[in-house]
There are 2 protein chains.
Amino acid sequence: MKLSPSEENYLKAIYHLEQASDTGVTTNALAQRMETKPSSATDMVKRLAEKELLHYVRYRGVTLTNEGTKSALQIIRKHRLWQVFLVEKLHFHWDQVAEIAEQLEHVHSEELIARLERFLGEPDFDPHGEPIPSKDGTIKQTAKKLLAELKKNQGGVCVGVKESSPEFLQYLDKKNITIGTKIKVLGKEFFDGSMVILVGKDQSFISKKTAENLYVQTL
Amino acid sequence: MKLSPSEENYLKAIYHLEQASDTGVTTNALAQRMETKPSSATDMVKRLAEKELLHYVRYRGVTLTNEGTKSALQIIRKHRLWQVFLVEKLHFHWDQVAEIAEQLEHVHSEELIARLERFLGEPDFDPHGEPIPSKDGTIKQTAKKLLAELKKNQGGVCVGVKESSPEFLQYLDKKNITIGTKIKVLGKEFFDGSMVILVGKDQSFISKKTAENLYVQTL
DNA sequence: ATCAATATTTAGGTTGTGCTAAATAATTTT
DNA sequence: AAAATTATTTAGCACAACCTAAATATTGAT
């Protein structure tokens with residue numbers, strides 16, 4: 001089914017909200033996520049229900065149908081593949097790619113995505129460490145943990161972030177932390193959860209908040 | 001100025017019609033090119049005139065302003081760079097890229113295009129041999145001739161096509177002719193303009209019609 | 001120069017996607 | 001459980017981009 005960019009964006013948003021909350025998605029939450037008014041969300045939700053991409057019960061919110069979930073995963077797949085392209089091939093910084101990928105993901109062509117995937121070497125994860133759904137909708141899960149969960153002397157490789165605001169990504173950059181960076185916990189402060197860590201060959205101090213937004217794959 | 005995909009497509013069409021005819025562009029011609037109704041073309045033309053991208057005189061047609069021409073060239077630039085990407089990097093065949101490039105060209109990001117251009121090695125021509133406008137709107141001109149203009153024993157390199165229908169491009173493919181293919185005229189039939197040519201190491205017979213739609217750069 | 005044919009515009013409708021304001025349902029507080 | 005608060009929907013409007021049908025301007029033929 002060919003969907004409009006707007007319809008695709010709503011599907012994506014609903015999928016992510018479902019993942020985050022495990023319950024049905026309310027109109028309000030959806031409107032907030034889409035930065036629009038609840039009335040607009042209602043309009044769209046009705047149209048997507050009409051297309052059987054989601055179940056909608058008035059005043060009760062929505063859940064994606066199997067079809068809807070499949071569609072959402074395909075859009076996320078495109079988004080993440082384009083992000084890999086932008087970072088790996090065009091050497092964008094990982095905090096600059098979201099906006100552009102958001103446009104590229106709406107280009108309609110199965111063939112394009114298949115070839116792009118091959119060109120990129122069939123990556124499993126995007127530059128933020130998020131898994132890239134396969135063509136049939138399966139997702140590889142990482143054994144990723146929050147850095148905050150590591151104990152003293154444990155180490156890991158940075159595989160992604162929880163919050164991906166430009167500010168946070170730029171802050172990480174200043175600390176020389178990016179996807180693939182090896183990190184070891186040298187010390188952990190009980191009092192405020194802050195850590196002293198080893199990044200490459202340098203020591204660095206990070207707050208609890210930072211440690212709670214950085215995913216690592218333990219070694 | 002940020003334009004909608006539709007506005008961009010109209011600008012592109014007007015630019016091409018201007019190039020082809022050297023006169024102002026009529027509403028009818030524009031509507032035909034856009035595969036829409038004249039009334040729709042009128043609507044759009046008014047909006048573009050409002051934005052000072054073209055001069056519009058009722059019942060008299062339009063001409064692009066300097067601003068409009070600049071915009072059109074930027075869109076053409078994007079289109080052709082994406083076509084290079086699709087053919088060179090993703091190994092699409094040159095008859096499959098137009099439709100996808102038409103979508104990609106509407107992605108808004110200066111930075112993206114700058115980086116794409118660098119990634120592609122700053123090409124001067126697209127896979128159909130059409131020149132790629134530079135960032136400032138200048139166009140490299142080829143010394144290209146129609147194959148039909150060559151005399152016996154003259155040779156050249158295929159640099160593009162006049163008609164770029166999938167049928168014609170596929171036909172050329174069957175004859176092993178693509179951008180960069182060396183061609184030499186072995187014989188030319190006065191009667192019907194047909195030719196016997198050397199393509200690589202093999203002889204090939206082509207009609208006048210084919211020879212009139214194939215551009216070569218003479219050696 | 002007038003008339004017929006053609007080109008173009010205007011008027012008014014449709015669809016998709018947004019909005020605000022008002023109405024209604026659901027939830028929370030008391 | 002009723003009232004107050006919050007969430008959601010409905011009604012009605014707006015804009016971009018299309019459409020058809022009718023009106024008007026231009027062009028070409030006589």
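Just so it is clear: chains get the letters A, B, ... in the order the sequence lines come, proteins before strands, and each one is counted from 1. Just so we're clear, the structure is a prediction, and the values are computed from it rather than from any experiment.
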To the nearest angstrom, the NZ-P distance between B:K46 and C:dT9 comes to 8 Å
Q: Give A:N28 one of three labels, base, sugar-phosphate or nothing, depending on what nucleic acid heavy atoms sit under 4.0 Å from its own.
A: sugar-phosphate
* **Test: A:R80 cationic atom under 6.0 Å from A:F125 six-membered ring centre, within 45° of axis** => no
* Asked: If only side-chain N and O atoms of B:S6 are considered, is one of them under 4.0 Å from the OP1 or OP2 phosphate oxygen of D:dC18?
  -> yes
- Task: Could you tell me whether B:K144 and B:E149 have a side-chain N and a carboxylate O separated by less than 4.0 Å?
- Result: no
Q) Quick one: is B:R58 getting a side-chain N or O under 4.0 Å of the C:dT10 phosphate, OP1 or OP2? A) yes
- Query: Within the pair A:S4 and C:dT17, is there a side-chain N or O less than 4.0 Å away from OP1 or OP2?
  - Reply: yes
Whole-Å distance, A:D43 CG to D:dA14 P, equals 16 Å
**Item:** Phosphate OP1/OP2 of C:dT10 contacted by B:Y59 side-chain N/O (<4.0 Å)
**Value:** no
Output yes when at least one side-chain N/O atom of B:T42 is less than 4.0 Å from OP1 or OP2 of C:dT10, else no. no
(Q) Check the phosphate of D:dT9 against A:K37, side-chain N and O only, distance under 4.0 Å to OP1 or OP2. Yes or no? (A) no
Discussion item. Is there a side-chain contact between B:R60 and the phosphate of D:dT27, meaning an N or O under 4.0 Å from OP1 or OP2?
Written reply: yes
Whole-Å distance, A:L3 CG to C:dG16 C1', equals 13 Å
- Is A:D192 salt-bridged to A:K208, cutoff N-O under 4.0 Å? no
D:dC18, OP1 or OP2 - any side-chain N/O from B:S39 closer than 4.0 Å?
no
Side-chain ion pair, B:K162 and B:E212, N-O less than 4.0 Å:
no
request  = Pick base, sugar-phosphate or nothing for B:S40, based on heavy-atom distances below 4.0 Å to the nucleic acid.
outcome  = base
From CD of B:E35 across to P of D:dC18 the rounded distance in Å is 12 Å
A:L30 atom CG is separated from C:dT17 atom P, nearest whole Å, by 14 Å
To the nearest angstrom, the OH-P distance between B:Y56 and D:dA25 comes to 13 Å
A:M44 atom CE is separated from C:dT17 atom P, nearest whole Å, by 5 Å
Whole-Å distance, B:R47 CZ to D:dA14 P, equals 17 Å
Please determine whether a side-chain nitrogen of the Lys or Arg among A:K78 and A:E117 lies less than 4.0 Å from a carboxylate oxygen of the Asp or Glu. no
